[in-house]
Structures are given as structure tokens and as C-alpha cells.
Amino acid sequence: MPTVIVPNDSAVDTGTAVHSSPFGLEAPCRRLNAARPSPCVANTKAQSTVAVCSPTASTHPAMPLCSVSGRIVVGGREYPVDEWMNASEPILSAVTRKLHLQSHHPISITRQLIESRFPTYRCHNDLWPIVSVAQNFDTLGFAPDHPGRSRTDTYYINKSTVLRTHTSAHQADLFRDNLSDGFLISADVYRRDAVDRNHYPVFHQMEGAMTWDKTKHGYGDSLARAIWDDVSRIPVHNVVVEDPNPTVHPERNPLQSEHHSLEEVEAVAAHLKRSLEDVVVEVFKSARSAAGCTNDEEEANEPFRIRWVEAYFPFTSPSWELEVFWQGDWLEILGCGVVKQSILNNANVSSRLGWAFGLGLERIAMLLFSIPDIRLFWSQDRRFLDQFESTHPACYKDVAFWLRSTSSSAGGGSRSNPADFHENDMMELVRDVAGDLVEDVRLVDEFVHPTTGRKSLCYRINYRSLERTLTNDEANQLHSRIRNGLAEKLGVELR
Ligand code: FA5
Ligand code: MG
């Protein structure tokens with residue numbers, strides 16, 4: 001999806017915002033700021049005059065908010081308000097939008113793409129966003145004076161009720177429910193945050209967690225062996241990963257030594273990191289393809305790189321962030337770590353241990369679909385949304401060739417005889433090789449060599465499956481068979 005139609009006017013009311021870290025966790029977004037602007041921005045702006053819609057859109061079908069003395073109703077649920085209340089109506093109006101559940105919405109497509117990498121995990125995609133302070137902060141071990149709790153960073157309904165600032169707010173409840181070893185939560189989250197094209201006061205996160213029951217697998221070495229067995233079932237990738245730090249470090253990234261052995265944590269960390277590398281490698285391969293960065297030269301100049309860096313979260317230890325080298329800079333994608341045992345113990349599953357992660361769906365969707373501004377996700381302009389009807393990212397590749405040369409009748413140099421080449425033969429060849437996995441084939445360049453008179457053509461083949469995301473490897477294989485066919489069957493000279 002290399003070209004995105006961008007609605008023009010972006011007058012968006014984001015509510016009151018402050019320029020501080022929303023939550024005391026998120027690293028500054030300088031990395032994302034450095035991402036290459038989508039090549040389509042400049043030339044698509046002119047295509048539209050429709051305003052970007054914010055969550056304030058008055059066209060919203062169900063008015064989610066009405067206030068009656070000292071109480072508000074949000075999405076049909078009533079809450080008492082007090083002097084802590086700082087959530088404006090535009091923010092509360094977003095509660096019922098649920099972009100991550102709208103079919104064909106890029107946030108929803110991104111969610112499904114990631115979910116498909118965790119086929120055995122139970123997905124929770126409809127958890128209500130208004131939670132207690134206990135759920136959002138206390139159960140996760142946030143210190144009473146943690147800046148994330150402040151009214152400058154978090155939207156409060158009343159002293160003990162907030163709009164969740166992260167999907168981790170549901171971790172403890174789902175551990176307590178104990179419905180599955182692995183689970184994913186996708187949801188809208190709310191932060192009073194900086195305003196720029198990468199930040200919006202409402203965005204979407206996906207939380208993931210996996211735990212192993214020691215009563216099933218044994219303790220120490222035997223548990224570690226069971227986890228390593230699971231690690232061996234995660235698909236292998238060939239991307240170089242920078243991970244220079246030891247799994248645990250006494251000061252920077254401590255082992256929860258009263259609960260876990262080093263062997264157990266090495267195994268849990270390997271499972272966590274390999275699972276997330278698998279997701280990110282798949283997603284970013286698609287993103288690169290979608291951005292057209294597919295030729296071998298570009299791959300050689302800027303190979304795909306990911307790295308693990310040490311991090312801190314009150315609810316995991318050790319903890320890490322995963323960063324991707326994307327168009328010239330490191331971009332933070334997610335935070336994760338080994339779940340604090342106190343959370344599992346308090347949730348009555350003390351026999352379990354495992355990992356959790358939280359990632360930003362907008363960050364990934366922006367790269368996957370070349371969406372240049374986070375506000376666009378809230379657009380209700382059909383022309384923007386309809387672009388994602390074909391739900392799987394495209395991957396285009398070029399093929400250039402000289403047409404067959406014939407000696408000129410004057411006995412001079414060789415000249416191309418364009419009559420020898422029929423475009424429809426090429427289309428037929430592409431169809432024979434790739435069938436419906438090709439969306440279109442377009443001539444993007446042609447020229448005649450000034451001295452030899454030979455003619456060169458360059459075609460762009462856009463690979464896209466209607467059913468699934470094509471991997472770059474699959475597209476490469478198809479492309480190479482098409483190139484061979486062109487040379488062998490149509491007699492062109494590949495360039
Ligand atoms: C958290 O929210 C933790 N709950 C993540 C976590 C879960 C850690 C489980 C350990 C275990 P953080 O604030 O860094 O962490 O946000 C996680 C991700 O959300 C970031 O890496 C980023 O991808 C995304 N994100 C954070 N803030 C924003 C924002 N304002 N706009 C868009 N995406 C954001
Ligand atoms: Mg962070």
C-alpha cells in the first residue's frame with residue numbers, strides 16, 4: 001500500500017495536552033520523528049479537501065457522554081465525577097469508536113497480522129476502557145508517587161477511576177481468570193501527552209502474556225527444558241539481532257531471585273524475545289515491501305536490524321524494549337519483560353511464571369501502511385478508509401529488460417524490433433506464474449539507447465494476496481520465476 005490518500009485539513013481538537021511523558025514509561029519519540037516521510041504525502045494532499053475527523057466527530061452514532069449533576073454517562077455506563085475529573089468530551093467520545101475492531105481499518109489489520117503470529121493465544125479485544133486506579137496502577141506495583149498517576153498525565157473520571165493508560169491494566173484480572181497460558185489484549189488507551197504527528201491522546205496497544213504452570217512442568221531445570229522446547233517451535237528468522245546485554249544484571253535489570261532461577265529466566269527471556277522477533281520480522285518485512293524497499297541493493301545498503309535494549313517497568317524484571325532500525329534511526333516498538341511474581345501471586349496463580357509485552361499498534365500501522373500522521377487513524381473519510389479494503393499489504397518489484405535486437409536492414413548496428421514484444425504475452429506469463437497473487441503490472445519506464453537504438457522497458461509488478469500477507473521471500477520467488485520466463489519465453493535480455 002505505497003500510496004495513501006491523505007485527507008487535507010487536519011484541524012483536530014486533541015483536548016488539553018501537556019508536553020511531558022504521559023506515563024513515565026514511554027521514551028521520547030525522536031526515533032519515530034526521524035522516519036522518512038511517506039513519499040506519497042506531497043503529491044496526495046491535493047487529492048482531497050475533506051477534513052480529518054477527530055474523536056469529536058459530531059456525526060458519531062451514539063452520543064457516549066451526557067452529564068447529570070455530579071455524574072456522567074459514558075457509552076451507556078454511569079460514573080460519579082469529582083474534582084479529579086479531567087477528561088474532556090472529545091476524549092470520552094473516543095471510547096465507543098474501537099478502531100481496532102473496525103473491519104478494514106489499518107489498526108484492525110495490524111492487530112490481526114500480529115495475532116496471526118500467536119495462533120494459540122486467547123484474544124481479548126473488547127475490554128472496557130474505564131478502569132480503576134487499582135487496575136491501572138496499584139496491581140502493577142506503581143509507586144504512590146509515580147508520575148504516571150498524576151492528573152497531568154492521566155485522564156481521571158474521579159479519584160479512583162481512570163481511562164486506562166495502557167493495556168497492562170487488564171493483566172492481573174486475566175492472570176486471575178486463568179483461561180489460557182497465552183493471551184493477547186488489544187484496546188484503545190488514553191494519555192495526556194505531547195501533540196505531534198506521532199502522538200495522539202488516544203491510541204491503541206496490544207498486550208501479550210505467556211505463563212507456564214510449574215505444577216505441570218516441574219521446577220528449575222525441568223521447567224526450563226519445557227520452555228526451551230517451546231522456544232524450538234517458534235519459526236526461525238535470519239535477521240541479525242543486536243542483544244549485547246546479559247539477560248539479567250544485578251543493578252540495571254535484576255533477576256527476581258527470591259522467585260526465579262537464572263535457568264528459568266534465561267528460558268522465559270528466550271521465548272519472549274524469539275516470539276517478538278518473529279512478529280517484528282514478519283511485520284517489518286511487509287512494511288518494507290509496502291514501502292517499495294525491496295530490491296537487493298537497498299537491502300544490502302540498509303539490512304533489516306533489530307536490537308534489544310534494557311528497560312524498566314514497575315511490573316516486570318528483567319525488562320527490555322525492542323527497537324527496529326527504520327529509515328535511518330532506531331524506533332521503539334514495544335516494552336516487555338518477565339512478569340513480577342508478586343502480580344501472579346496476588347492473582348492466585350503463584351504456580352505460574354512467564355512474560356508480558358505491550359506494543360503500540362499505531363506505530364506499527366504507520367510503517368506498515370505508510371500513514372504519515374497519527375490523526376489519520378480517526379478519519380471517517382471513506383476515501384481514506386476504502387484504501388484498506390484490500391486488507392493485505394502489497395509488495396512491488398520492478399523488472400527491466402532490453403527488447404530483442406535485430407540487425408538493421410542497412411547492415412548497421414542492432415536495433416530493437418518492438419513488434420517482437422507484445423505486452424499481453426508478458427501479462428499472460430505473469431498470470432501463469434503468479435495467478436491472483438499479482439494485483440497489477442504497469443510499465444513505469446521506457447527508453448531507447450541513443451547509439452545502439454535498443455529499447456528498454458521497465459515494468460512494476462505489484463504482488464498482493466487477497467487472503468493473507470505475502471512474505472518477501474514468496475514474492476521474490478515469484479519474481480525470479482517471472483524474470484526467467486521473460487528471458488526464456490519472450491527472448492528479452494534482462495537488465
Ligand atoms: C507500556 O505502556 C507498558 N505497559 C508496556 C509493557 C507491557 C511493558 C507489559 C512490560 C510488560 P510504554 O509506555 O513504553 O509501555 O508503551 C508501549 C508502547 O506503546 C511503546 O513502545 C510505543 O510503541 C507505544 N506508545 C507509547 N506511547 C505512545 C503514544 N503516545 N502514541 C503512540 N504509541 C505510543
Ligand atoms: Mg516505552
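Counting starts at 1 for both ligands and their atoms, following the listed order. Remember, predicted model here, so these are calculated numbers, not experimental data. In this chain, numbering begins with 1 at the start of the sequence shown. Hydrogens, waters and symmetry mates are skipped; everything else that's a heavy atom, side chains included, is used.
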Item to check | F315 near ligand 1 by a heavy-atom separation under 4.0 Å | outcome: yes
Next on the checklist: Measuring from atom 21 (O) of ligand 1, which candidate in K340, E332, M206, R363 has the nearest non-hydrogen atom?
Outcome noted: E332
Checklist entry - Just distances here: any N/O of E362 and N/O of ligand 1 closer than 3.5 Å? => result no
Item to check | S168 N/O under 3.5 Å from ligand 1 N/O | outcome: yes
Item to check | Structural part of I333 in contact with ligand 1, heavy atom criterion under 4.0 angstrom | outcome: backbone
Next on the checklist: Rounded to the nearest 0.5 Å, what separates atom NZ in K98 from atom OG in S186?
Outcome noted: 13.5 Å
Checklist entry - If hydrogens are left out, which of M366, R191, H166, E207 has an atom nearest to atom 13 (O) of ligand 1, that is, the closest non-hydrogen atom? => result R191
Item to check | Minimum side-chain heavy-atom gap H237-E282 below 4.5 Å | outcome: no
Next on the checklist: Heavy atoms only, cut-off 4.0 Å: how does F357 contact ligand 1, side chain, backbone, both, or neither?
Outcome noted: backbone
Next on the checklist: For a side chain to side chain contact (heavy atoms under 4.5 Å, CB included) check, start with the C-alpha distance between L353 and V265, then their side-chain angles and the critical distance, and finish with the verdict.
Outcome noted: CA-CA 9 Å; L353 95 171; V265 166; 5.6 Å; no
Item to check | L334 and ligand 1 - part of the residue with a heavy-atom distance under 4.0 Å | outcome: backbone
Next on the checklist: Using heavy-atom distances only, which candidate in Y312, F203, W320, F313 approaches atom 33 (N) of ligand 1 most closely?
Outcome noted: F203
Next on the checklist: For F315 and F313, take the angle between the two ring planes, folded into 0 to 90°, and tell me which bin it lands in: parallel under 30, tilted 30 to 60, perpendicular over 60.
Outcome noted: tilted
Item to check | Nearest-0.5 Å distance that lies between atom CH2 in W378 and atom CG in L99 | outcome: 4.0 Å
Checklist entry - Between F325 and F304, does the ring centroid distance fall short of 6.0 Å? => result no
Next on the checklist: So, of the N/O/S atoms that E332 has, which is the nearest one to the Mg ion (ligand 2)?
Outcome noted: OE2
Checklist entry - Counting from 1, what ligand 1 atoms have a heavy atom of Q171 closer than 4.0 Å? => result 9 (C)
Item to check | Side chain to side chain, R192 and T154, heavy atoms closer than 4.5 Å | outcome: no
Checklist entry - With side chains defined as the heavy atoms from C-beta onward, is the minimum distance between Y156 and L163 less than 4.5 Å? => result no
Next on the checklist: As an exercise, identify every atom of ligand 1 less than 4.0 angstrom from a heavy atom of G360.
Outcome noted: 18 (C), 19 (O), 23 (O), 24 (C)
